[in-house]
Amino acid sequence: MFKRLLIANRGEIALRIIKTCRRMGIETCVVHSTVDRDSLPVKMADVSICIGPGPAKQSYLNINNIIAAAELADVDAIHPGFGFLSENSHFAQVVRDCKIAFVGPTSAAMEALGNKAKAKTLAHAAGVPTVPGSTGPVASPEDALKVAHEIGYPVLIKATAGGGGRGMRVAHNDASLVSGLMQAQREAEAAFGNADCIIEAFVQRARHIEIQIIGDTHGNVVALGDRDCSTQRRHQKLVEESPSPVITPAIRTSMMEAAVKLAKAAKYHNAGTVEFIYDLERQAYYFLEMNTRIQVEHPVTEMCTDTDLIRLQIEVEAGAKLPFSQADIKPYGHAIEIRVNAEDWQNNFSPCPGKIGVYAAPSGKGIRVDSHCYAGYAIPPNYDSMIAKLIVHGKDRADAIRLLEQALAEYLIEGPKTTIGFHQRLLKDPKFLANQITTKYIDEEFFKLKPA
Amino acid sequence: MFKRLLIANRGEIALRIIKTCRRMGIETCVVHSTVDRDSLPVKMADVSICIGPGPAKQSYLNINNIIAAAELADVDAIHPGFGFLSENSHFAQVVRDCKIAFVGPTSAAMEALGNKAKAKTLAHAAGVPTVPGSTGPVASPEDALKVAHEIGYPVLIKATAGGGGRGMRVAHNDASLVSGLMQAQREAEAAFGNADCIIEAFVQRARHIEIQIIGDTHGNVVALGDRDCSTQRRHQKLVEESPSPVITPAIRTSMMEAAVKLAKAAKYHNAGTVEFIYDLERQAYYFLEMNTRIQVEHPVTEMCTDTDLIRLQIEVEAGAKLPFSQADIKPYGHAIEIRVNAEDWQNNFSPCPGKIGVYAAPSGKGIRVDSHCYAGYAIPPNYDSMIAKLIVHGKDRADAIRLLEQALAEYLIEGPKTTIGFHQRLLKDPKFLANQITTKYIDEEFFKLKPA
Amino acid sequence: MDIKTLKEITKLMKDNDLVEVEIESDQLKVRLKKACAAVTQVVAALPAAPAAVAAPAAAAAPAAAPAPAGDDPSWKKVISPIPGTAYLKPNPDAQNFVGVGTQVDENKVVCLVEAMKVFNEIKPEAGIRGQIKKVCVTDGQPVEYGTVLFLVG
Amino acid sequence: MDIKTLKEITKLMKDNDLVEVEIESDQLKVRLKKACAAVTQVVAALPAAPAAVAAPAAAAAPAAAPAPAGDDPSWKKVISPIPGTAYLKPNPDAQNFVGVGTQVDENKVVCLVEAMKVFNEIKPEAGIRGQIKKVCVTDGQPVEYGTVLFLVG
């Protein structure tokens with residue numbers, strides 16, 4: 001096992017990694033910027049090294065200084081956490097070239113799966129469902145109709161040269177497809193000088209569901225259940241829960257198998273998350289992308305499976321075989337994670353960095369708070385606005401929601417505005433409670449409704 | 001149900017009661033002394049009323065001012081917590097005379113069980129085992145021998161007029177009993193002018209084991225399992241765990257039945273704890289005393305039984321029937337509570353009140369922290385030195401100890417000295433780990449051993 | 001302003017638990033601020049009644065609130081010894097016990113605080129004697145232990 | 001207002017836990033403010049090396065530590081731009097690059113910081129020129145980003 005591990009990250013995840021290292025008897029070295037000098041990870045790590053000023057580019061993204069710190073502290077492993085350099089295959093390679101273990105997948109696997117287009121090709125080849133559609137630009141209206149009849153309406157007409165919503169239109173039947181295609185081609189020709197359009201299934205009502213996987217260096221990959229992250233605002237996850245309350249056990253099993261298949265195809269090891277879009281109308285899932293690192297919402301899985309994913313990451317990187325097989329994984333209960341951010345949720349979630357006055361986090365059976373904050377801590381404006389992740393684990397979804405309500409009511413944070421109020425309102429939202437939301441719900445409907 | 005409840009207490013237990021009231025939709029009014037003005041319960045309660053200066057006698061023990069506050073805040077119930085006025089039957093009576101519900105037993109039950117001698121008589125009458133011995137002073141050496149042969153050696157010769165260890169001697173056989181009795185009688189005559197001596201079983205190696213009970217006003221009483229509080233220092237409990245690792249299931253069941261019997265005999269309702277001394281040699285338990293209130297260590301029971309004892313206290317006081325019968329109570333797993341005090345444990349546990357700098361409590365599955373402290377909080381010198389109760393719940397004792405070790409390693413408190421170090425050393429103590437300690441262990445052996 | 005005056009002001013702050021003092025005159029502006037301001041400000045920023053406007057105690061002035069500008073720090077406080085309702089006159093039709101300018105000492109009843117149907121006569125503590133400089137409560141106002149009822153100078 | 005008065009005021013602040021003093025008159029405006037006392041003290045109370053004395057980084061002086069008394073606050077700091085090991089001479093047998101009194105500017109190599117087997121030549125930042133007033137590290141000392149290597153005045 002490693003003797004001393006460097007954490008190339010900050011905040012809550014740095015503290016989270018320190019805690020697991022303490023449990024494993026591994027010394028920790030945390031690097032930090034000048035503005036994080038008084039942070040909890042710095043206080044709690046065995047060794048801390050300042051690597052640069054506040055801006056992430058000059059500190060947490062400064063590969064040169066991080067490697068220099070790793071050498072100075074004489075560490076034998078580096079954990080990148082999430083964000084920052086965690087999905088930077090170049091960094092992973094430099095670390096390994098320095099004969100230091102990088103707690104994460106190989107650079108090759110990172111590149112194969114980190115690039116969306118490459119990953120989709122790989123998924124398709126491995127037999128993992130991707131969004132169905134034409135294999136390339138459609139040659140004629142007849143071609144388009146054929147594809148549409150295969151995959152069913154509604155379909156999306158997408159200019160290959162377009163992007164960001166431009167050159168896209170939806171067709172619900174043959175007539176609108178034919179006329180829409182012609183219009184789309186004309187517009188694409190005019191706008192991009194390229195009339196090519198593809199036809200794809202249009203997912204009208206989507207859930208975001210992902211599978212946590214972990215693999216060792218001996219070729220074993222196990223899926224640790226799913227997480228439903230459909231409560232999003234502008235593609236930012238606000239709530240994550242497990243198991244997803246909208247899919248059947250059969251679909252869950254199929255998704256888990258697909259995720260393992262993809263990881264094995266890429267010779268992937270260490271922790272990763274395979275993200276799927278779930279089409280509520282078609283009751284089908286399609287591969288979206290893969291995150292080749294530990295994720296913010298990993299505690300949701302830990303609560304339901306009694307695992308320590310950070311520990312597993314470190315163990316497999318040290319060469320250990322996974323301590324369980326797929327058959328051993330039997331997630332139980334229901335877990336929900338919400339993010340308490342220093343944001344003014346009633347004012348477009350604008351960030352509110354600043355000093356925390358009184359701080360008292362909830363505690364109790366089934367309640368877990370992952371946080372680096374404390375009373376008197378000043379949230380610096382340089383990084384993200386996360387104050388804490390609040391995770392609950394109950395017998396079932398209703399029980400978890402009840403626990404979450406209690407925990408939110410007990411959470412006392414004076415100073416910056418927080419998103420606690422948003423979550424309290426969400427927990428009273430009939431559509432959220434009845435699992436009737438889609439990934440667009442918060443952006444398009446939630447704020448138009450009067451609070452109950 | 002009550003509309004507004006006044007908490008006649010402070011610190012951790014005041015906050016604990018506020019949390020349960022919030023869950024129940026009951027408004028809270030907390031009374032406080034001038035030095036507790038910035039305390040977390042005051043910040044978190046719906047209403048707070050200052051009732052006097054720092055010294056408890058003028059504030060938390062000032063019945064007049066508390067009743068005045070209750071009237072001012074127009075509450076319909078008062079929860080006394082533990083300590084302060086919680087076992088004051090006069091206070092309970094005054095509260096009820098004011099037509100305010102008192103969350104606790106009747107004054108009559110409090111008096112019947114709160115007085116040690118009366119309680120022992122009641123226990124004896126109800127068939128609850130008490131320390132065996134002569135029914136009164138022994139008339140002759142022959143009488144003494146008869147008693148000793150009935151109860152077995154070793155026995156204690158105790159001058160009825162003595163006390164505090166004076167006029168007591170131990171006999172291990174007939175010869176030492178006869179000579180010891182004569183000597184004891186002579187000494188007692190000289191010292192107290194009264195030669196009367198009684199003979200009692202001498203418990204050489206004792207464990208302190210207690211039973212949590214809860215009763216409603218309809219005559220139902222249920223025992224919620226046991227707690228072993230044998231790790232004591234000068235009769236102060238340092239660690240509490242459940243289930244006791246030294247008794248058999250049969251003995252546990254017998255103790256629970258005895259506790260219920262005693263409570264029913266006293267027409268007791270609300271929460272209470274029946275304390276027993278367990279004789280490791282004789283493998284027998286004897287009634288010690290009853291605490292007619294909620295106890296510091298109640299979370300240990302809550303973790304193993306999935307109950308909220310404060311909620312149950314309030315519900316039964318409002319007239320509800322217990323929501324379970326004895327058959328429903330199936331404690332599971334193993335819970336341990338330790339007290340984190342602001343004390344210099346290496347210097348006779350001398351109190352270290354003062355301001356807390358950085359404060360970060362552990363959190364995670366199976367970990368619970370009940371605390372009113374926060375970074376920047378100044379522990380006043382007026383009251384007890386408790387910073388927090390740290391409670392863990394694991395699959396079994398080894399699992400709970402592992403969790404506790406992790407949690408202690410994660411606990412970060414800067415400022416006052418704390419007892420965290422003591423507990424960390426205790427968790428490495430072979431005798432504690434092997435359940436070989438008695439109630440005298442910490443006082444007589446622990447500090448003489450070199451730390452591992 | 002000389003050091004001696006400044007020293008006196010800081011002593012005053014210490015004695016009266018003030019965290020910030022600002023003195024402004026034609027010639028001079030002085031501002032003194034004590035450490036630990038953060039927590040104190042947080043507390044001060046809390047609404048006097050965190051919830052339940054209907055609660056009678058809600059209106060009770062927090063005793064720790066700094067004396068409003070204009071009060072002479074040398075004035076002595078007459079505080080309520082018990083939570084209850086303060087009455088400034090013996091009965092609704094009567095005159096107030098005292099007003100600004102009334103000479104008082106430890107034998108003079110300055111108001112009543114009703115608690116548990118008992119009307120407690122409040123007199124200044126032994127050693128407090130002088131003129132009422134300020135009446136700090138209104139008739140019928142709920143008070144808690146320590147609520148300042150009058151300032152005497 | 002003279003230095004003596006200022007000194008007396010700062011003593012006053014220290015003795016009375018003041019964090020901010022502002023004095024304004026027609027002729028003068030003085031404002032004294034102490035660093036975030038609470039947090040700073042907590043940090044200062046931490047041992048310089050929280051653990052693992054063997055760890056090379058443990059010995060690195062915290063860059064935020066206040067300059068010891070006697071240093072002129074106007075002196076400019078030459079800091080390490082990278083974590084590593086500071087060397088004051090080009091090789092073990094050589095003379096130090098600079099010493100107290102050496103005239104330096106942004107073109108003068110003042111020391112080396114070795115990181116990843118690379119010896120980085122450290123020169124004062126543009127704009128720093130003058131005499132070395134103090135050498136703040138010893139030869140072979142581990143440094144982190146921001147560690148003060150020299151004071152230049």
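The figures that follow rest on heavy atoms only: side chains count, while hydrogens, waters and symmetry mates do not. Computed from a predicted structure; not experimentally measured.
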With side chains defined as the heavy atoms from C-beta onward, is the minimum distance between C/Tyr145 and B/Pro53 less than 4.5 Å?
yes
Under the criterion side chain to side chain contact (heavy atoms under 4.5 Å, CB included), I'd like the reasoning laid out for B/Asn64 against C/Met116: C-alpha separation, chi angles, the key distance, then a yes or no.
CA-CA 9 Å; B/Asn64 210 38; C/Met116 297 170 287; 3.3 Å; yes
Heavy-atom count around C/Glu125 CD within 6.0 Å, excluding the residue itself: above 12?
no
As an exercise: rank B/Thr34, B/Ile51, B/Val31 by heavy-atom pairs under 4.5 Å with chain C and give me the winner.
B/Ile51
Tell me, yes or no, whether the heavy-atom count around C/Lys76 atom NZ, taken from other residues, nucleotides or ligands under 6.0 Å, exceeds 12.
no
B/Asn65 side chain to C/Pro81 backbone, donor-acceptor under 3.5 Å
yes
Heavy-atom count check: over 12 atoms from other residues, nucleotides or ligands less than 6.0 Å from B/Lys417 NZ?
no
If I compare all heavy atoms of B/Cys50 with all of C/Pro83, which pair ends up nearest, and what's the gap?
O-CG, 3.8 Å
Could you tell me which of B/Ala68, B/Cys98, B/Ser59 has the largest number of non-hydrogen atom pairs under 4.5 Å with chain C?
B/Ala68
Distance (rounded to the nearest 0.5 Å) between B/Ile49 CD1 and C/Thr147 OG1
9.5 Å
Measuring from B/Arg37:CZ to C/Glu144:CD, what's the distance to the nearest 0.5 Å?
5.5 Å
Heavy-atom nearest pair, C/Val143 first then B/Leu72, reads O-CD2, 3.4 Å
